[in-house]
Amino acid sequence: MKKFLLLPALLLGFAGASAQFPSADEEMDFHKLSGNLRAYPYVEETPPAQTPALSGYEPFHLEHYGRHGSRWLIGGNDYLTPVKNLEKAEKAGKLTPLGRETLNALRSIEEASHGRLGELSDKGALQHQAIGRRMAMNYPQLFSDSSFVDAKATVVIRCILSMLNGLQGIREVAPEVATRSDASYADMYFMNYDDKPAWKIKDLAEETVLEEYRAKHKLNGDYLSRLVTDVQFARDSVEPGLMPYLYWVLANTQGHSGQPWLLDKVFSADEAREAWRYDNGMWTLHCIDTPITQRRMPYTQRMLLKNIIESTDTAINSTRPSVNLRYGHDGILINFLTLIEVDDLGKEFASIEEAEAAGLRSYDLIPMAGNIQLVFYRNATGDVLVKGLLNEKEVRLPGEPVSGPYYRWSDLRDYYLKKIAAYF
């Protein structure tokens, strides 16, 4: 394996590096501090306004990779564990009123989860419908009766349903657009690439570096006093195994209609921040360019980047406007973001803490229905520009922009191909 050749001129300092971690507003936002369980923020709300296209340029192509929408938790024990633990206090007659309210909610949620583990929620469907509608409204040139939309999903039902709901949203705005949808193992090599050597390296790092990090961010147990009248009993009989399941079940209720929101009653802001950091450390190690994981993790998504480049080459040589949609998973999306250096998150980091201080936050990068959109523009002379949108907000890409968020695609294409070739 060749060493990756750093291009210092293209790796700019991250703008948020000096920001308080998290900011005062963020540390009070329990929905954000739900991490990758955060419900997509732009369903009822409107995303930030986009910078107008440069004079003479029109959109002709769009490449997309999106995470499935809000879902049920994947494992049955995720729901059952906090119920069983709090029932110990119930049997001993030691639950507070909030403890009884929380246990009743947990029982109801656990019962509702039967047969639904890992499936798309009702709100997850709405999230992708909203994203699809906005795509069609923002870029009518790409969703006309002369355009073609090719949608793919991984072979997981929540991703397939996310794809179908995204297409539904598009058709609500552009009913005449031609679409094709598919979910096949034949496409998994770029939709959900399984880089086993890299995952093995990451797993080893988790046993050491991540465990050391997590030891610094374990909750001190104060939240138990809000649920159980006898804190010593709680620590001896309830707490073992309760966390992090309790936190994630309560955090995930934001992704469902009709489930109660108790997270900010059970946990303080400080506790929520620590619970989030406990998980965010895992996502950080999963994706960053760091010697800790032999600088391998961003490159796990090289096949996705190659597919996007090849698909864009085809679009450039066509006169037909086109859109390529892909519906997959958070672990793919976040590594793709570091690979293409969105907002300079592809720079080399020495530690989890350094990357977090630079702005790597799971709730901003991979909420439910999180997505990256690369929108391509062309002028009459055939010059191609590209703009990146992360969760429908404009982002920086490597190199110097032509203007605002618009970059010359030929430069980026060459940079990305050389980056991959230099490493592998």
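We count residues from 1, following the sequence as given. Values below: all heavy atoms of this structure, side chains included; hydrogens, waters and symmetry mates excluded.
- A donor atom on one side chain and an acceptor atom on the other are found under 3.5 Å apart for Tyr57 and Asn379.
- Judged purely by distance below 3.5 Å, without hydrogens or angles, the side chains of Lys387 and Gln50 pair a donor atom with an acceptor atom.
- Pairing each heavy atom of Thr293 with each of Ile288, the nearest pair is OG1-O, 4.1 Å.
- No donor-acceptor distance shorter than 3.5 angstrom exists from the side chain of His256 to the backbone of Lys123, with no hydrogens or angles considered.
- In this model, a donor atom of one side chain and an acceptor atom of the other lie less than 3.5 Å apart for Ser144 and Ser147.
- The pair Lys306-Glu310 fails the salt-bridge criterion, with no side-chain N (NZ, NE, NH1 or NH2) lying under 4.0 Å from an Asp/Glu carboxylate O.
- Ring centroids of Tyr247 and Phe267 are separated by less than 6.0 Å, placing the two rings close together.
- For the residue pair Glu58/Tyr139, the side-chain donor-acceptor check at 3.5 Å is not satisfied.
- A salt bridge links Lys196 with Asp194: at least one charged nitrogen is closer than 4.0 Å to a carboxylate oxygen.
- Side chain to side chain, Tyr363 and Asn280 fail the donor-acceptor criterion of an N or O pair below 3.5 Å.
- We find the CD-CG distance between Glu101 and Leu227 to be 10.5 Å, quoted to the nearest 0.5 Å.
- Distance check, rounded to the nearest 0.5 Å: CH2 of Trp248 to CG of Leu263 gives 9.0 Å.
- At least one donor-acceptor pair closer than 3.5 Å links the side chain of Tyr416 to the backbone N or O of Ile340.
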Steps toward side-chain hydrogen bond (donor to acceptor under 3.5 Å, both in side chains) verdict (Glu394, Thr51): CA-CA 8 Å; Glu394 294 172 347; Thr51 304; 2.8 Å; yes
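- Between the side chain of Ser113 and the main chain of Glu110, a donor-acceptor pair closer than 3.5 Å is present.
- The minimum heavy-atom distance between Phe349 and Ala358, with the atom names listed, is CE2-CB, 3.6 Å.
- Asn77 places no side-chain N or O within donor-acceptor distance of the main-chain N or O of Leu80, the cut-off being under 3.5 Å.
- Sorted by first and then second residue, the pairs that involve residues 35-49 and meet salt bridge (Lys or Arg N to Asp or Glu O under 4.0 Å), not counting sequence neighbours, are Arg38-Asp364.
- Contact of the Trp409 side chain with the Thr312 side chain is registered, since non-hydrogen atoms from C-beta on lie closer than 4.5 Å.
- Residues Tyr407 and Val402 fail the side-chain proximity criterion, which asks for heavy atoms closer than 4.5 Å.
- Side-chain atoms of Ser121 come within 3.5 Å of backbone N or O of Gly255 as a donor-acceptor pair.
- The side-chain heavy atoms of Arg133 and Ile170, taken from C-beta on, include no pair separated by under 4.5 Å.
- Side chains of Arg171 and Thr179: a donor-acceptor N/O pair is present below 3.5 angstrom, by distance only.
- Inspection of the His61 and Ser322 side chains reveals an N or O donor paired with an N or O acceptor under 3.5 Å.
- Residues Gln254 and Ser34 have side chains that bring a donor and an acceptor to within less than 3.5 angstrom of each other.
- Using a 4.0 Å cut-off between a side-chain N of Lys or Arg and a carboxylate O of Asp or Glu, Glu274 and Lys216 do not qualify as a salt bridge.
- Contact check for Leu103 versus Val83: side-chain heavy atoms found under the 4.5 Å cut-off.
- Going from atom OG1 of Thr300 over to atom CG of Leu339 covers 8.0 Å, rounded to the nearest 0.5 Å.
- Side-chain contact annotation: Trp199 with Asp195, donor-acceptor N/O pair under 3.5 Å absent.
- Between Asp383 and Arg408 there is a salt bridge, with a side-chain nitrogen of the basic residue lying less than 4.0 Å from a carboxylate oxygen of the acidic one.
- No side-chain donor-acceptor contact under 3.5 Å links Asp343 to the backbone of Leu345.
- Defined by atom type and a distance below 3.5 Å, a donor-acceptor pair is present between the side-chain atoms of Asn335 and His286.
- Judged by distance alone, with hydrogens and angles left aside, the side-chain atoms of Thr253 form a donor-acceptor pair with the main-chain N or O of Pro260 at under 3.5 Å.
- Side-chain atoms of Tyr278 and Met243, non-hydrogen and from C-beta on, never get closer than 4.5 Å to each other.
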Arg226 vs Glu271, side chain to side chain contact (heavy atoms under 4.5 Å, CB included): CA-CA, chis, key distance, verdict: CA-CA 13 Å; Arg226 302 180 195 104; Glu271 290 166 343; 2.8 Å; yes
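- Evaluation of the side chain to side chain donor-acceptor pair (under 3.5 Å) test over residues 324-333, restricted to residues two or more places apart or in two chains, returns Asn36-Asp330, Glu63-Asn324, Glu63-Arg326, Arg67-Asp330, Thr154-His329, Asn307-Arg326.
- The two residues Val209 and Ile352 come nearest to each other via the heavy atoms CG1-CD1, 4.1 Å.
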Leu246 vs Asn85, side chain to side chain contact (heavy atoms under 4.5 Å, CB included): CA-CA, chis, key distance, verdict: CA-CA 10 Å; Leu246 174 63; Asn85 281 53; over 6 Å; no
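- In this structure, Ala153 and Met188 approach most closely via the heavy-atom pair O-CE, 3.8 Å.
- Looking only at distances, a side-chain donor or acceptor of Asn317 sits under 3.5 Å from a matching main-chain atom of Asp313.
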Side chain to side chain contact (heavy atoms under 4.5 Å, CB included) between Met191 and Leu304, worked out: CA-CA 6 Å; Met191 290 288 295; Leu304 176 58; 5.6 Å; no
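- The existence of a salt bridge linking Arg361 and Glu356 is excluded, since no basic side-chain nitrogen approaches an acidic carboxylate oxygen closer than 4.0 Å.
- The shortest non-hydrogen separation linking Ser162 to Leu120 is OG-CD1, 3.4 Å.
- Under a 3.5 Å cut-off, the side chain of Asp414 and the backbone N or O of Ser410 do not form any donor-acceptor pair.
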Verdict with reasoning, Arg396 to Val342, per side chain to side chain contact (heavy atoms under 4.5 Å, CB included): CA-CA 6 Å; Arg396 288 176 289 116; Val342 163; over 6 Å; no
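- Here Glu206 contributes atom CD and Ile292 contributes atom CD1; the two are 11.5 Å apart, rounded to the nearest 0.5 Å.
- Residues Tyr377 and Tyr406 place their aromatic rings such that the two centres sit under 6.0 Å apart.
- To the nearest 0.5 Å, atoms CG (Leu360) and OG1 (Thr338) are separated by 8.0 Å.
- For the pair Glu119 and Arg158, the salt-bridge criterion is not met [side-chain N within less than 4.0 Å of a carboxylate O].
- For the atom pair Leu62 CG and Met135 CE, the distance stands at 5.5 Å (nearest 0.5 Å).
- By the neighbour-count criterion of 12 heavy atoms within 6.0 Å, atom CZ of Arg116 is sparsely surrounded, having that number or fewer from other residues, nucleotides or ligands.
- Here the shortest heavy-atom pairing between Ala369 and Ile131 reads O-CD1, 3.6 Å.
- Taking 4.5 Å as the limit, some side-chain heavy atom of Val266 sits within range of a side-chain heavy atom of Thr102.
- Side chains of Gln373 and Asn371: a donor on one and an acceptor on the other come within 3.5 Å.
- A salt bridge links Asp270 with Arg273: the distance from a Lys NZ or Arg NE/NH1/NH2 to an Asp or Glu carboxylate oxygen falls below 4.0 Å.
- A donor-acceptor contact shorter than 3.5 Å links the side chain of Gln127 to the backbone of Ser70.
- A centroid separation of 6.0 Å or more is found between the aromatic rings of His217 and Trp276.
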